[in-house]
2 protein chains.
Amino acid sequence: MNIRETDRPTEAIRSRILDAAEERFRTYGYNKTTMAEIATDVGMSAANLYRYFNNKQDLAAACASRCMGARSQILREAIRQPGLSASGQLRAFVRGTLQYSWDNTNKQPKINELVATIASQRQDIVHEKIQEQTALLAEILAYGNQSGEFEVDDVIRTARALYATLTLFEVPLFMSLYELEEFERLAQDVVALLIKGLEKRTH
Amino acid sequence: MNIRETDRPTEAIRSRILDAAEERFRTYGYNKTTMAEIATDVGMSAANLYRYFNNKQDLAAACASRCMGARSQILREAIRQPGLSASGQLRAFVRGTLQYSWDNTNKQPKINELVATIASQRQDIVHEKIQEQTALLAEILAYGNQSGEFEVDDVIRTARALYATLTLFEVPLFMSLYELEEFERLAQDVVALLIKGLEKRTH
DNA sequence: AAACTGAATAATCAATATAATATTCAATAT
DNA sequence: ATATTGAATATTATATTGATTATTCAGTTT
């Protein structure tokens, strides 16, 4: 039987499996985690895991997807803080992006490596995550347009462009390039430049 | 004896070794190229290579550095075409950056892999290349300031920020994310946004 | 002395065997 | 019928060893 997407109890078990797998992957890494160990942690046989995930790779992919989703969630909360202007939201977005990448790279290297591996193999997941982040940026732009702070013609397209400019602060590969302080300064300068490009001109 | 930097004939031989090595690396890759083969190509013994490079890795690093330098040279020529406005130069820079990365990734995969490996091991080389590219961007900004097209306060700092925003178009790792046409559109949108941020405002 | 080489040594790679693990499946329990 | 398992099989990782290659160095040539 195929894996069902809509079954609630099945989903709950999938989630428990992912919890166990993530914990193992975080501590020991992908290669040194066995299906048998995950199964034991969740209280079932290794064979039964295959009712919930096609294979170990798929399990890891779901795990990675979940981790990337956590990033989106954190950013969502960061920009939705009350009282922020649109440019304040954008600053919060970039600050949050950098901070998350930095922390992840340095504090969760095993998970991070997993995510990098999956990202290089599963473009569909990467595009899904790009889409999530871009939607957040679009939200900021739309708000800026509405408040009169920004003047953005094509919100979606500009959100995509904006996201593209933030690659350096997003991808763990680059985290070793600079010290955190240097990175933060650079991020500030980038944001300042971008905001200037978005702002409404008073002719 | 240590490797001398200033000796002309020695430099010429170093250069010939690099030519031979680059050709081998390009065709067969780093691992499947032996020091003996490079030595034969250049007409000397393998032992003698060690008078010019400390080891194979250093030779590869010099080779990678040279390849990255070629990129800078191409971009330099692209932006120094006569008749370009500052924003035209910036567009040429970004177009050139993307095109070079794209071509390299698809047409010189072996060399590309070598460069990626060296880049991950030798940050000093990466920073040197960032410096080269940033200098070109600074040149564009200074020109824009002078022509009245741009209004940039701190040219160096803004050049660094600009360079940071172009990471997606620079790093081969990302070239598989989009089709070339999609990438070009994205690059255009990014440049348009950046130019808006740089332009002099008429209050 | 500086550039170079052949031969010796050290480090790395490739092939093979072995062990561990992923995955499947027939059978059992819920 | 669905969820589960133990055991069988297929795949992948690990360890071992022989072969290749990188590196050194004493000695030769320029």
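All chains are named by letter (A, B, ...) in the order of the sequence lines, taking the proteins before the strands, and each is independently numbered beginning at 1. As a basis for the values below, the full set of heavy atoms in this structure was taken, side chains included, without hydrogen atoms, waters or symmetry mates.
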My understanding is that only one of B:Thr134, B:Val152, B:Leu137 makes a side-chain contact (heavy atoms from CB on, under 4.5 Å) with B:Leu162; could you say which?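 One option only clears the test, and that one is B:Leu137.
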What is the distance, to the nearest angstrom, from the [atom1] atom on [X] to the [atom2] atom on [N]?
X       : N      : atom1 : atom2 : answer
A:Tyr28 : D:dA13 : OH    : C1'   : 19 Å
A:Asn55 : D:dT12 : CG    : C1'   : 13 Å
A:Arg14 : D:dT4  : CZ    : C1'   : 18 Å
A:Met44 : C:dT28 : CE    : P     : 21 Å
A:Lys56 : C:dT24 : NZ    : C1'   : 17 Å
B:Met35 : D:dT20 : CE    : C1'   : 15 Å
A:Asn31 : D:dT11 : CG    : P     : 18 Å

Heavy-atom count around A:Asp124 CG within 6.0 Å, excluding the residue itself: above 12?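 It does: A:Asp124 CG has more than 12 such atoms within range.
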Atom OH in B:Tyr178, atom CD in B:Glu184: separation rounded to 0.5 Å?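 Interatomic distance, B:Tyr178 OH to B:Glu184 CD, rounded to 0.5 Å: 14.5 Å.
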Classify the ring geometry of A:Tyr30 against A:Phe25: parallel below 30°, tilted from 30° to 60°, perpendicular beyond 60°.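 Because their plane-to-plane angle lies in the 30° to 60° range, the rings of A:Tyr30 and A:Phe25 count as tilted.
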Going by the angle between their ring planes, with limits at 30° and 60°, are A:Phe174 and B:Phe174 parallel, tilted or perpendicular?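 It falls in the tilted class, 30° to 60°.
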Which base sits across from C:dA14 as a Watson-Crick or G-U pair, both distances under 3.5 Å?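 Across all strands, the one nucleotide that pairs with C:dA14 is D:dT17.
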Kindly point out which of [options] is positioned nearest to the side chain of [X]?
X       : options               : answer
B:Asn48 : C:dA3, D:dT23, D:dT5  : C:dA3
A:Ala47 : C:dG6, C:dC4, D:dG6   : D:dG6
B:Arg51 : D:dA22, C:dA2, C:dT23 : C:dA2
B:Tyr50 : D:dT24, C:dC25, C:dC4 : D:dT24

Base, sugar-phosphate alone, or nothing: which one does B:Ser45 contact when heavy atoms must sit under 4.0 Å apart?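 The answer is base, as B:Ser45 lies within the cut-off (heavy atoms under 4.0 Å) of a base atom.
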Upstream residue (5' side of DNA chain C) when B:Gly43 and A:Gln57 are each assigned their closest nucleotide: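 Here B:Gly43 is the residue nearer the 5' end.
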Which sits closer to the 5' end of DNA chain D, A:Leu49 or A:Lys32, going by the nucleotide each is nearest to?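 Between the two, 5'-proximity favours A:Leu49.
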Is A:Tyr52 near enough to D:dT4 that one of its side-chain N or O atoms lies under 4.0 angstrom from OP1 or OP2?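 Yes.
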